[in-house]
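Read the structure below first, then the notes.
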Amino acid sequence: MNYHVLTLFPEMMEQGLHTSILGRAMDKGLIHLNAVDIRDYTEDKHRKVDDYPYGGGAGMVMQAEPVYRAWEAVKSRMGGKSARVIYVTPQGRVFDQSLAEELAREEELILLCGHYEGVDERVLEEIVTDYVSIGDYVLTGGELAAMVMIDAISRLVPGVLSNEVSAEFETFHEHLLEYPQYSRPEVWREKTVPPVLLSGNHDRIEDWRREQSFLRTRNRRPDLYTKYLEQEDLVSAGNKLSKKRLKMIIAEEMLLGDSHTERDWAEEFRELAEELGVKLVLASGSDPERFHRIFQAEGIERRELLVFAASAEGVLAARADKLRTVYFPADPGEQEPKGLVYYQKISDLLEGMAVIRRLCRG
Ligand code: ADE
């Protein structure tokens with residue numbers, strides 16, 4: 001990727017971009033920065049590039065001719081190749097991950113950085129193909145905005161990130177924020193890592209992460225979440241969550257049995273199952289085979305089934321049967337079993353149910 005940046009502050013671009021990951025990408029020749037000093041293209045002996053605005057008003061306007069000549073010089077060096085010309089301006093389309101992905105597919109990009117009160121409209125009409133802003137606030141000039149865009153675009157250029165997969169599932173992928181991450185130590189200031197991440201069970205880890213992404217996006221960025229729901233094929237997203245379409249939920253009786261119907265979520269839970277067309281079966285007793293017997297009798301595959309356990313014992317029984325299990329301790333004081341692969345609190349269940357319901361509504 002070749003970036004040609006038309007700017008009054010080429011050294012700012014050079015210094016800002018020649019470090020860390022982008023610096024290494026430039027050394028490897030994966031990206032190239034051509035910072036063009038617009039002042040080199042003025043005919044004024046004081047290298048002046050701005051003048052007062054016609055009609056009056058505060059500030060100065062960048063003149064058309066130096067900008068045009070800088071652009072012509074870049075074009076002539078590109079040997080007839082076409083290139084998008086992006087004017088970075090708060091008046092543009094707001095830059096986002098999908099625009100970064102689109103621009104990362106280009107071979108050459110020309111970015112024009114304005115200063116003062118703007119650039120003479122006539123040269124913009126002549127050369128600009130895209131007007132792009134990095135957000136609804138006003139910077140002193142376009143350089144920082146151009147650097148933000150170059151950074152976001154460059155990390156999508158193959159080879160720039162050493163770990164190619166890290167750009168694959170990350171924040172904004174499919175309009176979802178990234179799931180929470182943890183590293184060593186396992187216990188930090190008495191805070192533990194969610195046990196599912198220590199389980200080594202990749203299917204369950206993937207399910208947990210996906211659900212965390214939903215919950216986080218819904219809580220922190222409801223605007224993005226709505227976009228996600230609108231744009232995704234909702235049913236297929238629901239299937240992705242459970243890998244295989246969910247056909248049955250087995251809930252331990254003590255979660256939903258008559259003695260507990262006063263709990264609001266029990267009703268929600270029943271509604272959810274009904275809406276999804278998922279069969280809801282209550283399992284009673286403490287026989288370790290109780291889940292097994294139910295799904296075998298129904299001819300349901302393990303991956304089509306979710307167990308909602310109400311006790312640590314229930315979780316362990318379901319795990320012994322290799323069933324995907326969500327734990328909702330009926331007794332809030334109950335400790336989570338050690339090495340539990342999938343764990344959620346009741347408060348999270350309500351969120352999770354709402355997510356699943358909306359996913360399957362489409
Ligand atoms: N120039 C000044 N403010 C800007 C913004 N928010 N985005 C892009 N370019 C700018």
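Excluded from the calculations below are hydrogen atoms, water molecules and symmetry mates; all remaining heavy atoms, backbone and side chain alike, are included. What you see is a predicted model, and the numbers here were worked out from it, not measured in a lab. As the structure lists them, so they are numbered: ligands from 1, and atoms in each ligand from 1.
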Looking at non-hydrogen atoms alone, which of I134, T89, L111 comes nearest to atom 9 (N) of ligand 1?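 The option holding the nearest heavy atom is T89.
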Check your understanding: What is the distance from atom NE2 of H115 to atom CG of L139, rounded to the nearest 0.5 Å?
Key ->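 Between H115 NE2 and L139 CG, I get 9.5 Å after rounding to 0.5 Å.
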Practice item. Kindly confirm or rule out an N or O of L139 lying under 3.5 angstrom from an N or O of ligand 1. Key: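 Among all N and O atoms of L139, at least one is under 3.5 Å from an N or O of ligand 1.
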Protein residue, atom and distance nearest to atom 6 (N) of ligand 1, heavy-atom basis: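 Here the nearest protein heavy atom works out to Y137 O, 2.7 Å.
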(request) Identify the protein heavy atom lying closest to atom 10 (C) of ligand 1, giving its residue, its atom name and the separation to 0.1 Å. (result)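 I find the closest protein heavy atom is P90 CD, 3.5 Å.
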Minimum side-chain heavy-atom gap I300-I294 below 4.5 Å:
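No, too far: nothing below the 4.5 Å cut-off.
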Any heavy-atom pair between the side chains of R290 and S284 that's under 4.5 Å?
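Contact flag for S284/R290 side chains = no.
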Can you list the ligand 1 atoms lying under 4.0 Å from a non-hydrogen atom of [X]?
X    : answer
G135 : 6 (N)
V88  : 8 (C), 9 (N)
A145 : 7 (N), 8 (C), 9 (N)

State whether a side-chain donor-acceptor pair under 3.5 Å links [X] with [Y].
X    : Y    : value
D96  : S98  : yes
T129 : Y87  : no
N2   : E108 : yes

- Message: Tell me whether G92 reaches ligand 1 (any heavy atom closer than 4.0 angstrom to a ligand atom).
- Response: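 So G92 does not count as touching ligand 1.
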